[in-house]
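One-based numbering along the sequence shown. Remember, it's a predicted structure, so these values are computed and weren't measured experimentally.
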Amino acid sequence: MKVGIIGCGAIANIITTSIVPENNGIEIAYFYDKDIERAENLASLAGGVAALDFNDLLDNVDLVLECASPASVKELAPKVLEKGKDMIVMSIGAFMDTEFYNNVLSIAKENNAKIHLPSGAVVGLDGIKAVAKFGLKEVNLVTRKSPKSLGKDIDKEEVLFEGKASEAVKEFPLNINVAATISMACNRDIDVKIIVDPKVDRNVHEITAKGDFGEFKTTTMNYPCAANPKTSMLAALSAIRLLKSFNETISVGM
C-alpha cells in the first residue's frame, strides 16, 4: 500500500520514522506541504518524493494521510475522495462542520472511498462506540493543558472554555481534536471544558460516559510531542496503529 502524507510537521515525522524502517507492506511514498522545504526534508528521510503539485501525490498513492489542519482537510479531502482514494484524517475537528461532513460523506459514497478517523489522543472510544445507540445519556470531556501548549502566559489555573464540542473546535482548532473525535464516536455534540493549568506538564483528557449500561471514566495523560507541544504523542501512535491494522488478518477491538 502506497501512502501519501499531507502536512509534514511533528505527527508526520513520528509516523514516517516509525513506519519506514519496518517491512510491513506500507510504503510512505509521497509528501505534500505548503512549506515545500518541510516536505523535501521528510521525503529525503523516507526515500520518498516531495510533491510540488498535490495531484502528483494523488495520482500515485492508494491512501492519503492528513496531518496538517482542519483548513487543509476542507480544501483537499473532496479532491482525495473524488479520486476514489481512501483517507486517514487527523484533524477531525473539520467534520464538526455539518455541511462539510455531509458533503464529503456523499462524495466518499459516490466514489467507493473510505474515511478513517484514528482514536487520537484519548482512550475509551471503543466503549463509547459500543454504547452510543444503547442508552447513552451523557458524555463529558475535561481537558487540561499547560500554558505553553495553549500559547498562554499565566501562573494560575483558568477555565478557557466550557460548552459544546462544535464551539470548542472553532475556538481551538489545533488543540482540541479530541472533542471532535469523541463527538463523532457517539454521534452527539458532547460537553467540553478546557482548562489551562500551570501545574501540569502533560495533555490530560478525562472522559465520563453515563447511560443505561452503567458508567465509565477514562483519564489519558499524554506527553506532548517535543517538536510541537500542541500535539500529544498518542495521536501519532494511534495513526500508526491504524495504518498497520490494514494489513492484519485478525483485528482486535474496534
| request: Assess whether atom OH of Tyr101 is packed by more than 12 heavy atoms of other residues, nucleotides or ligands within 6.0 Å. | output: no
| message | Within the 3.5 Å criterion, strictly below it, is a donor on His205 or Thr220 matched to an acceptor on the partner's side chain? | response | no
| query | Thinking salt bridges, do Lys74 and Asp97 make one under a 4.0 Å N-O criterion? | reply | yes
| Taking the six-membered ring for Trp, are Phe246 and His116 parallel (under 30°), tilted (30 to 60°) or perpendicular (over 60°)? | tilted
| request: State whether Lys114 and Asp86 are salt-bridged, where the test is any N-O pair (Lys NZ or Arg NE/NH1/NH2 against Asp/Glu carboxylate O) under 4.0 Å. | output: no
| Just wondering, are more than 12 heavy atoms of other shown residues or ligands nearer than 6.0 Å to CE in Met233? | no
| request: Would you mind checking if Glu158 and Lys152 are paired as a salt bridge, meaning a charged N to carboxylate O distance below 4.0 Å? | output: no
| query | Any side-chain heavy-atom pair from Pro118 and Ile88 closer than 4.5 angstrom? | reply | yes
| field | Arg144 with Glu206: basic N within carboxylate O range, under 4.0 Å | value | no
| message | Under 4.0 Å between a side-chain nitrogen and a carboxylate oxygen: does that hold for Glu167 and Lys170? | response | yes
| task | Please lay out, stage by stage, how Lys85 and Asp62 fare under the test side-chain contact (heavy atoms from CB on, under 4.5 Å). | result | CA-CA 6 Å; Lys85 303 294 176 76; Asp62 305 303; 5.8 Å; no
| request: Apply side-chain contact (heavy atoms from CB on, under 4.5 Å) to Ile28 and Ile5, showing your working. | output: CA-CA 8 Å; Ile28 302 183; Ile5 290 184; 3.7 Å; yes
Kindly list each side-chain donor-acceptor pair under 3.5 angstrom involving residues 33-50, sequence neighbours excluded, with atom names and distances?
unit_1 : atom_1 : unit_2 : atom_2 : d
Asp33  : OD1    : Asp35  : N      : 2.7
Asp33  : OD2    : Cys8   : N      : 2.7
Asp33  : OD2    : Arg38  : NE     : 3.4
Asp33  : OD2    : Arg38  : NH2    : 3.0
Lys34  : NZ     : Glu75  : OE1    : 3.4
Asp35  : OD1    : Glu37  : N      : 3.2
Asn41  : ND2    : Glu37  : O      : 3.3

| Test log, rule side-chain contact (heavy atoms from CB on, under 4.5 Å), inputs Met221 and Asn203 | CA-CA 6 Å; Met221 303 175 69; Asn203 300 326; over 6 Å; no
| request: State whether Lys83 and Asp59 are salt-bridged, where the test is any N-O pair (Lys NZ or Arg NE/NH1/NH2 against Asp/Glu carboxylate O) under 4.0 Å. | output: yes
| Is there side-chain contact between Ile15 and Leu243, with heavy atoms separated by less than 4.5 Å? | yes
| Lys/Arg-Asp/Glu bridge criterion (N-O < 4.0 Å) met for Asp191, Lys164 | yes
| Qualifying residue for side-chain contact (heavy atoms from CB on, under 4.5 Å) with Met87, from Leu117, Val104, Leu63, Ile6 | Ile6
| Do Ser91 and Glu66 have a side chain donor and acceptor closer than 3.5 Å? | yes
| message | Closer than 4.0 angstrom, basic N to acidic O: yes or no for Arg241 and Glu248? | response | yes
| said: Taking CG in Asn112 as the centre, count heavy atoms belonging to other residues, nucleotides or ligands within less than 6.0 Å. Is the count above 12? | reply: no
| message | Can you see whether Asp189 engages Ser166 through a side-chain donor-acceptor pair at a distance of less than 3.5 angstrom? | response | yes
| task | May I ask you to test the Thr181-Leu125 pair for a side-chain heavy-atom distance under 4.5 Å? | result | yes
| Do other residues, nucleotides or ligands put more than 12 heavy atoms under 6.0 Å from the OH atom of Tyr223? | no
| query | Is atom NZ of Lys199 surrounded by more than 12 heavy atoms (other residues, nucleotides or ligands) closer than 6.0 Å? | reply | yes
